[in-house]
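What follows is one structure encoded as structure tokens, with my remarks underneath.
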Amino acid sequence: MEKMRMESVDRTAKNMEAIGALFPNCITETTDENGRAKKTINFDLLRQMLSGDLVEGDEAYEFTWVGKKAAIMEGNRPIRKTLRPCVEESRNWDITENLYIEGDNLDVLKLLQESYLSKIKMIYIDPPYNTGNDFLYRDDFKLSKEEYAERNGEYNDAGERLFKNTDTNGRFHSDWCSMIYPRLMLARNLLTEDGVIVISIDDNEIENMRRICNEIFGEDNLVTCFIWNCSTAGGIRPKFASKTHEYVLCYAKNKEALPTIYAPLSEGAKRMYTQRDERGIYRDKDFLFKNKSTNVNQKYLITCPDGERVRPKEGYIYRFIRERFEEAQTEGLVTFKQSSTGPLVNENGEQAHWNIYIKKYLGDAMGAPSTLIPKEMISIYNVGTQCVQNLFDGVRVFENVKPVDLIEYFINMFSDENAIVMDFFSGSATTAHAVMELNAKEQKNRKFIMVQLPEACEESSAAYKAGFGNICDVGKERIRRAAAQIADENGISVGDFDSGFRCLKLAESNMNDVYYTADEYSQDLLSMLETNIKEDRSDLDLLYGCLLEWGIPLSLRYRTVETDGKAIQIYNEGDLVACFDCNITENVVKSMAKMQPQRAVFRDAGFRCSAEKINAEELFKLYSPKTVVKVL
């Protein structure tokens, strides 16, 4: 049986395979630092293959910084880590489809590359703005802890992965760019073809963020940059200008695949709807508008109620071509009103006696969004912070919280009713709150994936004094409390919408180091080879490790059955079956094979001898020949 890899995907190797498929002549060989042969890319030849002209010199229009190459390599480098289920900290573990993942988001994004490849419809992130007081991740794993401490300031006693990026740092912008670049690289892979990433940012890094996104997503895939009125400019008068806005950048994975986007109308626009009929409230929208186009498809003759045949005046055209106008007329959406000054003329070119309007109903009133988000539609920072404070009985556990309606605005704009929405800078879990609130209001089934580093709360903070050890504790509790509040406000039960989450925690691999480097162990350490799995790992830990490697979503249902006293895990009714017990009997293997699963996995040490392992393979070939069988 083939052994499972138990590490994240090597993106460099994957990229090399893709290049080799397109340009096999660009794949060559070299030697590594140990003198062993390895495949590599002839980049000079690849550049020439991608150019119609002779490639000379090194001048190019490009965006770079100190550490960019290392940041790209870090995004592609595989890791030997896993996600451990934490059932006791979850809510509705057995039935929820939501995930809350604790850990460094770079590592988590690497682990999710297979299970959620091209599955996320919308990603919202609110990364550090790099104000000089924000904390950034230490991502340079090539340096030892001591070397990195010498360059960038000491780790704390717990060896935590954050450091304060003050503006006196010689690599102030470079460190921020190196932090965000590999995370956005990996995030793009997770988006569906028509998926969108939505990024909140302010003036400190808006320029660098746009340049990085232009590289990763492509300049042509910029949807727009929204401006959010985030503050009332209260407080101490600044020396120069009051900061009352922030930016929300939106990039599509493939803008050609992105459907037309709509946004709810502002209150001011809604006031234009003053008429009512049996269908509801509507307004009359002009059917003609000024345009010098000579397109005959929008200048045809229309017969009015008294028989007068009319067409647009010079400089005007209709909104619809004839076929669409006739559909609207059949649907009762066309209104004729008498007018002596309208933009229509009769067949003789004389002023017509009519004007034409199209009914626009408020219930269908969704228009093209404005890049300047109307003030009356979205709340400011104070509202978001107050929302969390109210949830926590008046305790200010979090500062500068995005308002729920800001994220709801974009979820409504970019996601459908069954979409997965991700936030890998989850913070206080506002995105999870927004997803649950929309689901409850609209009876939809969107799912969320929150990712957050368990950053310790300062002992002087209100959150710490309220009993919260780290930010993840605050975020998970907010989800629980928000779910109860949403149910109460909508007059429903928390069971009427998905108000739960599966909590998973980033951890070192389930496998002992010997699993990867047995050749480095001496004869007197052979006792360590008796099992390749760490002693503290449960069957559920091992199951989730297999899900990650095989690229199976982590939110599906599973059950456990027993045969001959051995536990068999059945994930999503046959996507994967597993037995991690020892001394596996033939009856256990046979019962698993008869389920005809897509995949099956056993503990390598679960078989008493090689003959039993071979027999297990033969049983699967007999009862379920299409099943992929592996061992840990």
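Counting begins at 1 with the first residue of the sequence.
At a threshold of 4.5 Å between non-hydrogen side-chain atoms, the residues Asn445 and Phe497 do not count as touching. Side-chain contact between Tyr318 and Tyr300 is present, with at least one heavy-atom pair separated by less than 4.5 Å.
Ion pairing between Lys14 and Glu17 fails under the 4.0 Å rule for side-chain N and carboxylate O.
Summarising the local packing, NE2 of His353 is surrounded by 12 or fewer heavy atoms from other residues, nucleotides or ligands at distances under 6.0 Å. Shown here is Glu207, whose CD atom has no more than 12 heavy atoms of other residues, nucleotides or ligands within 6.0 Å. Atom CD of Glu326 has more than 12 heavy atoms from other residues, nucleotides or ligands within 6.0 Å. Within 6.0 Å of atom CZ in Arg599, more than 12 heavy atoms from other residues, nucleotides or ligands are found, so the atom counts as buried in its surroundings.
One finds the CD1 atom of Ile321 at 8.5 Å from the CD atom of Glu327 (value rounded to the nearest 0.5 Å).
Under the 6.0 Å distance and 45° angle rule, Arg481 counts as a cation-pi partner of Phe392. Figure legend: Lys359 and Tyr282 shown as a cation-pi pair, the cationic atom lying under 6.0 angstrom from the six-membered ring centre and within 45 degrees of its axis.
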Can you list the steps and then say if Asp94 with Tyr558 is a side-chain hydrogen bond (donor to acceptor under 3.5 Å, both in side chains)? CA-CA 8 Å; Asp94 290 330; Tyr558 65 92; 4.9 Å; no

Stepwise salt bridge (Lys or Arg N to Asp or Glu O under 4.0 Å) check, Glu442 with Arg446: CA-CA 10 Å; Glu442 302 173 358; Arg446 297 179 180 94; 3.5 Å; yes

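Side-chain contact of Ser428 with Thr430: a donor-acceptor pair under 3.5 Å is present, judged by distance alone. A donor-acceptor contact closer than 3.5 angstrom links the side chains of Asn355 and Tyr357. Residues Glu215 and Tyr181 have side chains that bring a donor and an acceptor to within less than 3.5 angstrom of each other. Neither side chain, Arg91 nor Thr96, offers a donor N or O lying under 3.5 Å from an acceptor on the other. In summary, the side chains of Tyr100 and Ser90 do not present any donor paired with an acceptor at a separation below 3.5 Å, with no hydrogens or angles considered.
Asp498 places a side-chain N or O within donor-acceptor distance of the main-chain N or O of Glu97, the cut-off being under 3.5 Å.
Across Glu308 and Ala352, no two heavy atoms sit closer than the pair OE2-CA, 3.5 Å.
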Side-chain atoms of residues 286-294: list all donor-acceptor pairs with protein atoms under 3.5 Å, sequence neighbours left out, distances to 0.1 Å.
unit_1	atom_1	unit_2	atom_2	d
Asn291	OD1	Ser293	N	2.8
Ser293	OG	Asn295	N	3.1

